[in-house]
Number of protein chains: 2
Amino acid sequence: MLSDDKPFSNVTIKDVAKVAGVSHATVSRVINNTTKVADDKRERILDAMDRLGYVPNMQARSLAGGRTKVIGLLVPDIGNGYTGTIIEGIDAELSAHDYDMMLYTTHHRKVKEPIYVQSLTQGMAAGLLLLLPVDPSAYLEGLRRKKFPYVVIDHQGFDNFSSTVGATNRQGVYDGITYLIELGHRRIGFVSGPDMMSCSMERLAGYRAVLNDQGISYDDRLIVPGNHTQLGGYKACVQLLDLEKPPSAIFAANDVSAFGVIDAARARGMHIPDDISIMGFDDIPQAGWMTPALTTVRQPLFAMGRQAAKMLFEFIEEPKGPMRRLQLSTELVIRETCARFKDI
Amino acid sequence: MLSDDKPFSNVTIKDVAKVAGVSHATVSRVINNTTKVADDKRERILDAMDRLGYVPNMQARSLAGGRTKVIGLLVPDIGNGYTGTIIEGIDAELSAHDYDMMLYTTHHRKVKEPIYVQSLTQGMAAGLLLLLPVDPSAYLEGLRRKKFPYVVIDHQGFDNFSSTVGATNRQGVYDGITYLIELGHRRIGFVSGPDMMSCSMERLAGYRAVLNDQGISYDDRLIVPGNHTQLGGYKACVQLLDLEKPPSAIFAANDVSAFGVIDAARARGMHIPDDISIMGFDDIPQAGWMTPALTTVRQPLFAMGRQAAKMLFEFIEEPKGPMRRLQLSTELVIRETCARFKDI
DNA sequence: TACTTTCATGAAAACGTGTTCATATTGACG
DNA sequence: CGTCAATATGAACACGTTTTCATGAAAGTA
């Protein structure tokens with residue numbers, strides 16, 4: 001067994017060809033199933049590949065114009081449950097198709113995005129998954145012209161030509177706030193996300209819409225930026241509690257900032273949900289683990305990742321396929337951080 | 001500006017050469033700083049690269065034998081805080097060095113590892129980071145012979161030739177159990193991890209050692225497999241509580257299984273920590289978020305990832321450098337899930 | 001000026017694969 | 001048996017880069 005002697009001898013298609021007594025072109029044909037190859041030769045080639053422990057060289061393959069079985073994934077950051085859960089969903093679908101993943105972290109740095117995209121589309125990847133892109137205008141146009149398969153996750157509204165997977169942000173907040181109103185709350189604080197993210201805008205729109213529909217007066221001092229971070233949530237909550245007439249309930253635009261809100265409320269000696277009701281958005285894993293467990297609007301992160309990957313594969317199959325926009329529905333998850341309004 | 005006209009025209013080194021009026025070899029020299037190039041030509045080349053929006057083709061570069069600025073990362077799975085936090089640490093160091101990451105998820109499937117490693121070492125990656133490899137014997141030998149830079153994270157003991165980064169698993173458990181004993185506990189359950197992981201064995205060894213040192217009788221019915229999963233922890237806890245003389249405290253070999261233990265205890269109507277003390281290992285982010293917050297042995301996951309990447313870069317610089325083994329120290333994080341033993 | 005030495009630069013080969021094109025071989029049909 | 005169509009296969013080129021090698025020019029020395 002040669003493979004035992006030299007496990008990393010970088011055996012190439014030509015080595016296989018020599019052993020099997022054919023040309024390397026024929027080996028390539030067997031690998032890719034492009035044309036008919038005589039049964040005996042095919043047999044010999046397969047056998048030689050096995051004996052030599054042949055592993056195709058991805059770089060050469062993609063350089064020569066072949067399929068790569070790699071998809072590129074651009075994310076703003078890693079580590080928090082949000083990105084992690086989505087990646088998990090993507091990964092599930094990818095490995096079902098035997099694809100691998102090239103992961104690029106932009107660290108929210110706008111400049112990096114176009115370069116990464118450019119590099120990925122030069123043959124490295126068969127398709128692209130963009131999570132929460134900051135400023136895609138620079139390259140989306142080019143991707144489309146190239147008919148390069150890509151799907152945008154959780155960012156909608158910057159154009160109408162990209163296929164996207166998202167959640168019903170507006171409706172989700174609408175449902176959540178409606179629930180708070182049903183509990184008797186009238187002054188409801190809103191800790192918003194980054195302005196430049198369209199999901200932030202949609203969530204805020206949901207807040208505004210429900211107040212309007214229910215005829216509740218709108219006070220813009222109740223809307224405070226939280227930037228989707230725990231610290232941001234903390235500061236926002238402090239600001240809200242310092243108001244002359246503080247809210248009896250606070251809706252945070254994502255779970256992470258809701259954690260900050262809870263920290264701040266507790267720092268004031270408040271009990272949750274007795275003294276104040278708090279609701280988040282996302283339902284990341286840790287939302288269910290804390291005590292009291294966070295009432296939140298569930299965004300199906302795993303499913304979003306999975307669906308996006310699934311959609312991407314359809315485009316890889318059929319690059320001219322029609323644009324698609326998928327909105328997975330959110331769901332209000334009632335746990336323990338919201339209670340009926342008690343006048344003090 | 002050509003770059004505005006054709007953002008994705010795949011401009012190559014030859015295009016740059018033509019515009020600058022030199023040969024493509026010279027362009028390559030400028031890019032890689034290999035030999036002196038006349039100042040005026042260098043200037044023209046840089047200018048042309050900028051105007052055309054040149055982005056090097058990774059595949060071609062690695063195929064031709066150049067440096068890749070990519071490191072390969074093999075992980076068993078994603079999504080849970082454990083892997084996520086380590087990846088975050090790795091990512092921090094990588095982006096500081098301007099490197100990118102090729103992520104492979106083995107999904108605990110043993111067969112996949114050698115193929116991935118083979119593929120990565122064929123020029124795709126400059127180095128390899130192996131997180132919790134299952135059966136590295138198949139390829140580590142080859143990596144070493146090739147002098148291919150790699151670092152193993154959180155798996156020690158399978159050989160003495162690989163550079164590794166880990167934590168003081170044994171000492172961590174020793175400290176944790178000592179604390180439980182100080183609280184008065186004598187019957188302490190242990191929910192163990194997978195047998196084949198050496199960190200599991202070390203943690204179990206720490207448990208045995210402290211009992212021995214403190215002269216506490218050892219009862220092997222108190223050791224139950226939990227497999228590092230939440231469900232496994234749940235089942236293990238059920239088994240422990242069903243014992244004739246159930247433990248007054250349970251140490252779970254990792255946080256995720258501790259969550260399962262807590263679920264099971266609560267399902268029995270027990271209060272934590274009043275009725276039973278529970279301690280975990282890892283200190284993944286969600287350990288601090290839950291209520292009551294989990295008392296656990298902190299494993300510096302972020303730092304482990306970061307240090308591993310740092311070490312890998314040293315090997316990439318100097319492939320013949322000496323093997324290194326780094327053990328980062330664990331730390332007992334006392335929160336709310338452990339209380340003084342109360343006889344009933 | 002003539003000869004050697006240095007050195008920047010272009011031509012060309014290499015990396016491993018996919019693919020086109022021509023050719024040898026087979027088979028069929030009259 | 002001869003001609004033509006069909007088809008499997010090998011030779012050669014392409015992909016974009018790095019690197020070696022040879023060459024020409026410039027520079028230095030006598």
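The basis for the numbers below is simple: all heavy atoms, side chains too, and nothing from hydrogens, waters or symmetry mates. Computed from a predicted model, the values in this text were never measured in an experiment. Sequence lines set the chain letters: A, B, ... in the order given, protein chains first and strands last, and positions in each chain run from 1.
Atom-to-atom, CD1 of A/Ile13 to P of D/dG10 comes out at 13 Å; the value is rounded to the nearest Å. Distance, B/Asn32 CG to D/dT17 P: 10 Å, rounded to whole Å. Between the CD atom of A/Gln122 and the P atom of D/dG16 there is a distance of 9 Å, rounded to whole Å. At whole-Å resolution of the value, CE in B/Met58 and P in D/dT18 are 13 Å apart. To the nearest angstrom, P of C/dG16 lies 14 Å from CG of A/Leu52. Whole-Å rounding puts the B/Arg67 CZ to D/dT17 P distance at 19 Å. At whole-Å resolution of the value, CE in B/Met124 and P in C/dG16 are 15 Å apart. D/dG16 atom C1' lies 10 Å from atom CD1 of B/Ile31, rounded to whole Å.
In the set D/dG16, C/dT19, C/dG18, C/dT19 carries the atom at the smallest distance from any side-chain atom of A/Thr34. Closest to the A/Thr26 side chain, of the nucleotides C/dA8, D/dG10, D/dC15, is D/dG10. Residue A/Ala60 has its side chain nearest to C/dT17 when only C/dC15, D/dT17, C/dT17 are considered.
Within 4.0 Å of A/Ala25, counting heavy atoms only, lies at least one base atom of the nucleic acid.
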Would you check, one step at a time, whether the test side-chain hydrogen bond (donor to acceptor under 3.5 Å, both in side chains) holds for A/Tyr139 with A/Gln118?
-> CA-CA 8 Å; A/Tyr139 47 86; A/Gln118 170 74 299; over 6 Å; no
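What you find for B/Tyr150 and B/Arg144 is that their closest heavy atoms are OH-NH1, 3.2 Å. Taking each heavy atom of A/Val165 and A/Met311 in turn, the nearest pair found is CG2-CE, 3.7 Å.
Within the 4.0 Å cut-off from OP1 or OP2 of C/dG16, not a single side-chain nitrogen or oxygen of A/Thr12 is found. Applying the 4.0 Å criterion to OP1 and OP2 of D/dA8, one finds that A/Lys41 has every side-chain N and O outside that range. Residue B/Lys14 places no side-chain N or O under 4.0 Å from the OP1 or OP2 atom of D/dG16. Proximity of A/Arg61 to the phosphate of C/dG18: a side-chain N or O atom is located under 4.0 Å from OP1 or OP2. At the phosphate of D/dT17, neither OP1 nor OP2 sits under 4.0 Å from any side-chain N or O atom of B/Asn57. Side-chain nitrogen and oxygen atoms of B/Ser28 include at least one within less than 4.0 Å of the OP1 or OP2 phosphate oxygen of D/dT18.
Between B/Leu73 and the options B/Thr105, B/Leu130, B/Ile87, a side chain to side chain contact (heavy atoms under 4.5 Å, CB included) holds for only B/Ile87.
The base of C/dG10 sits within donor-acceptor range of the side chain of B/Arg29, with an N or O pair under 3.5 Å.
In this structure, B/Ala38 and B/Leu63 both approach DNA chain C, and ranking their closest nucleotides by distance from the 5' end singles out B/Ala38. Comparing A/His24 and A/Val37 against DNA chain D, the residue whose closest nucleotide sits nearer the 5' end is A/Val37.
A distance-only check finds a donor-acceptor pair linking the side chain of A/Asn32 to the backbone of A/Ser28 [under 3.5 Å].
Under the 4.5 Å side-chain criterion, counting only non-hydrogen atoms from C-beta, A/Phe148 is not in contact with A/Leu120.
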